[in-house]
Amino acid sequence: MKSYFPLLFIPILLSNSCSKMIHVKNEKYETETIKINSNLNHDDKIDKMIAPQKHILDSLMNVVITTSDEELIKDKPNGTLNNFCADIMLQIGKRYDNDASICIINYGGIRLNSIPKGNITKGKIYELMPFDNMIVIQKINGNDLIDILNYIASQGGWPIAGISMEIKNSKSQSILVNGYPIDNNKIYTMVISDYLANGGDNLNILKKIPQTNTGLIMREAFIEELQKIKTIYPNKEKRIKNVD
Amino acid sequence: MWTRKKFIKTVATTSAISLIGGIPIDAFGKNEQEDIILTILHTNDVHSRVEPFPMDGGKNQGLGGVAPRSKLIKDIRATHKNVLLLDAGDMWQGTPYFNFFNGSVEYDLMNEMQYDAATLGNHDFDIGIDGLKKQIPNAKFSIINSNYNFENTVLKNDIKSYEIFDKNGLKIGVFGVGIDLNGLVPEKNFSGITYNNPIDIANKISKILKEDLKCDFVICLSHLGYKYENDKVSDEVLAQNTSNIDLILGGHTHTFFEKPLEYKNKEQKIVVINQVGWAGIMLGKLDFHFTKMREKKYLKFSNKLIAN
């Protein structure tokens with residue numbers, strides 16, 4: 001599809017080392033957005049070049065591991081893909097540490113904007129979480145957790161599990177942890193990636209908190225977990241509410 | 001006034017241009033046939049999207065893919081003489097091609113498409129400095145960054161601070177700026193690299209390119225991101241606080257520009273910024289027309305959507 005925008009007349013500054021030639025002139029230019037449909041040709045040489053690697057990856061990655069009943073969507077402040085990722089990760093963490101009750105994932109750590117309805121392949125989970133992040137457990141006090149949630153509020157909301165909150169003026173409020181108001185002095189057991197625990201996304205507060213490494217690569221643990229689930233039904237809870 | 005001698009000299013330095021009428025009455029560019037056209041093609045944040053997005057009902061299904069992009073680029077090369085093909089970083093990470101082959105596929109394909117240069121995004125450090133060091137010899141294009149100090153790393157001889165390309169007598173200076181890796185990339189993946197303020201560096205390098213090295217056109221490959229709600233340094237901030245950049249090709253924020261945007265620099269001159277989303281869904285194309293006197297004349301651009 002070709003769409004032509006109206007011709008625009010804009011001033012362009014012409015410059016040159018010779019001072020005589022500096023002048024402003026209206027010149028036209030056109031903008032064109034060409035949407036290329038499925039008829040677009042391939043460079044056959046590229047297809048040949050990638051054939052050996054594609055063959056290997058197809059055999060490993062096109063394996064269906066589960067099915068989703070609906071499209072899962074990543075969004076702010078909430079999304080079904082947000083809840084899905086945080087819930088699965090909390091579930092994995094609980095198996096490692098019985099006390100695990102909350103989970104936080106950075107928004108940028110989820111690399112797909114959606115997972116379509118239907119079969120989910122192993123390759124899809126590679127695209128969802130391509131990083132070789134590990135799952136770690138941290139024991140965090142209520143005070144520090146509030147700081148983290150304030151940061152999450154300032155970012156417009158991240159995937160969370162075991163927590164609900166409101167965002168007002170880019171700050172968190174009305175925080176509930178597993179249904180109870182957050183207690184500044186209580187210690188919560190949190191499932192999180194080593195990336196965040198090591199201060200990724202500028203969460204420096206987490207750096208000082210000791211971490212127990214589960215030894216599980218996030219992506220691999222997800223793939224294993226999802227293989228146990230026949231059908232995924234999205235959790236539509238609104239864990240984060242904007243109340244501005 | 002132009003003297004015959006001066007004119008001949010100008011022509012000589014801008015390489016062979018057919019002279020119509022011999023005297024440059026129309027040298028200010030009414031006759032388009034005499035323009036030198038510089039065609040900039042660019043990508044950013046391709047994120048290892050080697051194959052088009054699969055036809056699985058997803059929003060981007062059928063889009064992107066190197067094979068259609070390469071065909072498009074080769075077709076453009078067949079009809080455009082002076083093509084520069086550039087990438088603004090995050091070539092890596094996002095599909096299993098990267099997890100399994102550590103960036104070799106992406107670089108091989110960029111070689112085949114004849115990329116001239118790329119800058120480094122934060123995800124180009126995802127297999128650490130050592131992983132990058134292993135892969136760089138496979139890249140036939142230049143890897144350019146000007147604001148990371150690599151002196152204390154094994155990469156110190158592998159990354160260029162800038163490069164000048166000669167296209168039909170036009171001197172095109174290209175340099176690159178990257179985002180602060182602290183708090184973004186795991187520390188172990190970039191230890192030894194120190195970060196310099198991109199604005200200071202951009203002002204310094206672009207001045208050298210324009211004034212000392214007499215570049216006709218200066219391009220900044222940026223992985224800073226288009227713009228932010230806070231005062232974090234971005235392409236917008238860069239454009240407004242520098243003096244010698246003509247074009248910023250951006251990345252990081254995965255922003256799809258419908259068309260390139262124009263900003264005024266510190267000296268009220270136009271700086272063009274463009275960014276083409278991510279995953280190789282779009283190929284940016286900008287045609288800059290230069291007259292015989294190497295003036296920047298006007299540009300014509302199109303952001304091409306690549307679908308399978």
Side-chain angles (χ1 to χ4, degrees), chain A residues 5 10-18 21 23 25 27-38 40-47 49-50 53-54 56-57 60-61 71 111-119 121-124 126-127 130-132 194-195 198-204 219, chain B residues 28 47-48 50-51 54 56-62 65-75 93-101 105 108-109 112-113 126 182-188 258-260 262 268-270 291 293-308:
Chain A
F5 290 80
I10 56 136
I12 297 280
L13 263 175
L14 298 178
S15 65
N16 194 288
S17 53
C18 177
M21 301 196 308
H23 56 285
K25 207 171 164 185
E27 290 284 0
K28 68 174 183 183
Y29 64 79
E30 55 182 303
T31 76
E32 190 183 9
T33 307
I34 303 171
K35 202 170 194 172
I36 299 158
N37 63 23
S38 51
L40 192 85
N41 292 327
H42 275 213
D43 178 349
D44 296 337
K45 191 166 176 200
I46 298 286
D47 284 331
M49 278 175 76
I50 64 169
Q53 290 91 346
K54 180 172 161 50
I56 294 168
L57 294 179
L60 294 169
M61 294 294 138
E71 183 185 25
R111 302 300 285 186
L112 289 177
N113 292 326
S114 69
I115 290 184
K117 174 186 173 169
N119 289 341
T121 61
K122 201 171 171 181
K124 190 59 86 182
Y126 265 79
E127 293 183 19
F131 314 115
D132 294 334
D194 65 337
Y195 170 76
N198 292 332
D201 254 313
N202 293 308
L203 289 184
N204 289 317
R219 174 187 58 248
Chain B
F28 288 106
H47 283 295
S48 305
V50 171
E51 295 176 46
D56 60 3
K59 189 181 124 198
N60 292 323
Q61 66 174 358
V66 174
R69 181 160 101 240
S70 177
K71 177 74 170 81
L72 194 60
I73 289 166
K74 285 178 180 175
D75 287 351
Q93 190 72 280
T95 71
Y97 278 95
F98 181 65
N99 300 86
F100 283 80
F101 306 110
V105 176
D108 284 349
L109 296 177
E112 173 60 26
M113 288 180 277
D126 279 359
N182 290 289
L184 192 60
V185 173
E187 277 171 24
K188 62 176 169 43
E258 193 176 286
K259 58 177 188 178
E262 291 173 9
Q268 301 302 304
K269 288 189 213 153
I270 303 267
T291 67
M293 265 70 83
R294 297 182 177 186
E295 290 176 78
K296 195 168 41 165
K297 196 184 147 207
Y298 66 88
L299 64 146
K300 182 181 168 185
F301 49 72
S302 60
N303 287 336
K304 288 179 191 284
L305 196 65
I306 300 180
N308 184 17

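Sequence lines set the chain letters: A, B, ... in the order given, protein chains first and strands last, and positions in each chain run from 1. Given the structure is predicted, the values throughout are model-derived calculations rather than measurements.
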[X] side, atom [atom1]; [Y] side, atom [atom2] - distance, nearest 0.5 Å:
{"X": "A:Arg111", "Y": "B:Gln93", "atom1": "CZ", "atom2": "CD", "result": "7.5 Å"}
{"X": "A:Leu57", "Y": "B:Glu51", "atom1": "CG", "atom2": "CD", "result": "7.5 Å"}
{"X": "B:Phe100", "Y": "A:Leu60", "atom1": "CZ", "atom2": "CG", "result": "5.0 Å"}
{"X": "A:Ile46", "Y": "B:Met113", "atom1": "CD1", "atom2": "CE", "result": "5.5 Å"}
{"X": "A:Asp44", "Y": "B:Ser70", "atom1": "CG", "atom2": "OG", "result": "10.0 Å"}
{"X": "B:Glu112", "Y": "A:Met49", "atom1": "CD", "atom2": "CE", "result": "5.5 Å"}

Exercise. Any donor-acceptor pair under 3.5 Å linking the side chain of B:Asn99 with the backbone of A:Pro130?
Worked result: yes
Exercise. Donor-acceptor pair, A:Tyr195 side chain versus B:Leu184 backbone, under 3.5 Å?
Worked result: yes
Problem set entry | Proximal component of A:Lys54, with respect to chain B [non-hydrogen, under 4.5 Å] | both
For this session: Below 4.5 Å from any heavy atom of chain B, which atoms of A:Ile115 appear? Answer side chain, backbone, both or neither.
Result: neither
Problem set entry | Max heavy-atom pair count under 4.5 Å with chain A, selected residue of B:Val66, B:Asn60, B:Thr95, B:Asp126 | B:Val66
Seminar exercise, completed: Looking only at B:Glu187, B:Lys74, B:Lys71, most heavy-atom pairs under 4.5 Å shared with chain A are made by B:Lys71
Exercise. By a 4.5 Å heavy-atom criterion (distance strictly below it), what part of B:Phe98 contacts chain A: side chain, backbone, both, or neither?
Worked result: neither
Exercise. B:Val50 versus A:Gln53: any side-chain heavy-atom pair under 4.5 Å?
Worked result: no
Problem set entry | Pairs of heavy atoms under 4.5 Å with chain B: top-ranked of A:Leu112, A:Asp201, A:Asp194 | A:Asp201
For this session: Could you tell me which of A:Glu127, A:Met61, A:Lys122 has the largest number of non-hydrogen atom pairs under 4.5 Å with chain B?
Result: A:Glu127
Exercise. For A:Asn204, what residues pass the side-chain contact (heavy atoms from CB on, under 4.5 Å) criterion, not counting sequence neighbours?
Worked result: A:Lys207
Problem set entry | Considering all heavy atoms, the nearest A:Asn202-B:Asn182 contact | OD1-O, 3.9 Å
